[in-house]
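To start, the structure itself, in structure tokens.
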Amino acid sequence: MGIVPNQYAIFLDIAGPVTEDVAGKEFLTTAGLALLPDTLDTLRAAMPRSLPKWRDSQLDSALAAARLISGAAIVGLTFRMREDPVAWKRFWEDSRTYQQRVSQADRCSAGFLRASNVIKYWLFGECAARVAGEIVRRIGAPTVTDAGGLSAIDLTTVCDSD
């Protein structure tokens, strides 16, 4: 067996906004895609310059982009989180209370504690972990090790800014 790479680029995105209101949408979906870093320039060069958001795409342009991406991807996965209405409402209420207390104690905005941000951080972390696990399952543990015999996966992670 050859040397297994230890560097990967991961792209993560959440479908739709993360909001307090669950009416009409009971799930949040997150997607992750892993590529070898040396394939990024080739993929970027092959992509059309002005891709619309997925929701604004025409079927033919979305399929063309999906074919390019899937041809270069090592791993692509999605997972869904169910927004239980009762627990979701309680989470948002508790988040507001906690953020307010931390803000008052530390005299800062503590915006990272807003419910929407906590959920986004969790979704991105969960998806990145699943992608990394799937990389190791499919390709194997990196064969480049340090003096102690430990190997590490070097992830460059890009999260959608929405």
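Please read these numbers as outputs of a predicted model, since none were measured by experiment.
- Here CG of Leu28 is found 10.5 Å from NZ of Lys120. Values are rounded to the nearest 0.5 Å.
- Other residues, nucleotides and ligands place more than 12 heavy atoms under 6.0 Å from the CZ atom of Arg96.
- Annotation: salt bridge (Lys or Arg N to Asp or Glu O under 4.0 Å) contacts involving residues 27-41, sequence neighbours excluded, comprise Asp41-Arg44.
- Between the OG1 atom in Thr42 and the CG atom in Leu36 there is a gap of 11.0 Å [rounded to 0.5 Å].
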side-chain contact (heavy atoms from CB on, under 4.5 Å) between Trp88 and Ile119, worked out: CA-CA 11 Å; Trp88 195 253; Ile119 292 295; 3.9 Å; yes

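- Leu77 is not connected to Phe27 by any chain of hydrophobic side-chain contacts under 4.5 Å among Ile, Leu, Val, Met, Phe, Trp and Tyr, and they are in different clusters.
- In this view, Asp84 and Arg82 satisfy the side chain to side chain donor-acceptor pair (under 3.5 Å) rule, not counting sequence neighbours.
- Taking all atoms of both residues into account, the shortest heavy-atom contact from Ala31 to Thr78 is CB-CG2, 3.8 Å.
- Qualifying side-chain contact (heavy atoms from CB on, under 4.5 Å) partners for Leu113, counting only residues two or more places apart in sequence or in other chains: Tyr98, Gln99, Val102, Ala110.
- Taking CG of Asn117 as the start and CZ of Phe112 as the end, the distance is 10.0 Å to the nearest 0.5 Å.
- For the atom pair CG (Leu40) and CZ (Phe11), the distance works out to 5.0 Å, reported to the nearest 0.5 Å.
- Pro37 places none of its side-chain heavy atoms less than 4.5 Å from the side chain of Thr156.
- For Lys89, the side-chain contact (heavy atoms from CB on, under 4.5 Å) partners at least two apart in sequence or on another chain are Glu93.
- Of the inter-residue distances, the one linking Tyr8 atom OH with Ile10 atom CD1 reads 10.0 Å to the nearest 0.5 angstrom.
- A side-chain contact (heavy atoms from CB on, under 4.5 Å) with Met81 holds for exactly one of Ile14, Val18, Leu123, Thr29; it is Leu123.
- The cluster map of Ile, Leu, Val, Met, Phe, Trp and Tyr, joined by side-chain heavy atoms under 4.5 Å apart, puts Phe79 and Leu155 in the same cluster.
- Remark: Thr19 engages Lys25 in a side chain to side chain donor-acceptor pair (under 3.5 Å) (not counting sequence neighbours).
- Between Pro142 and Ile153, the closest heavy-atom pair is CG-CG1, 3.7 Å.
- Considering all non-hydrogen atoms of both residues, Ser109 and Ser103 come closest at O-OG, 2.9 Å.
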Output a table of donor-acceptor pairs, distance under 3.5 Å, between side-chain atoms of residues 126-140 and any protein atom two or more places apart or on a different chain; print 'none' if there are none.
| unit_1 | atom_1 | unit_2 | atom_2 | d |
| --- | --- | --- | --- | --- |
| Glu126 | OE2 | Arg130 | NE | 2.8 |
| Glu126 | OE2 | Arg130 | NH2 | 3.0 |
| Glu134 | OE1 | Arg137 | NE | 3.2 |
| Glu134 | OE2 | Arg137 | NE | 3.2 |
| Glu134 | OE2 | Arg137 | NH2 | 2.6 |
| Glu134 | OE2 | Arg138 | NE | 2.7 |
| Glu134 | OE2 | Arg138 | NH2 | 3.4 |
| Arg138 | NH1 | Ile74 | O | 3.0 |

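- Between Leu33 and Ala73, the shortest heavy-atom contact is CD1-CB, 3.4 Å.
- Here the OG1 atom belonging to Thr157 is positioned 10.5 Å from the CZ atom belonging to Phe124, to the nearest 0.5 angstrom.
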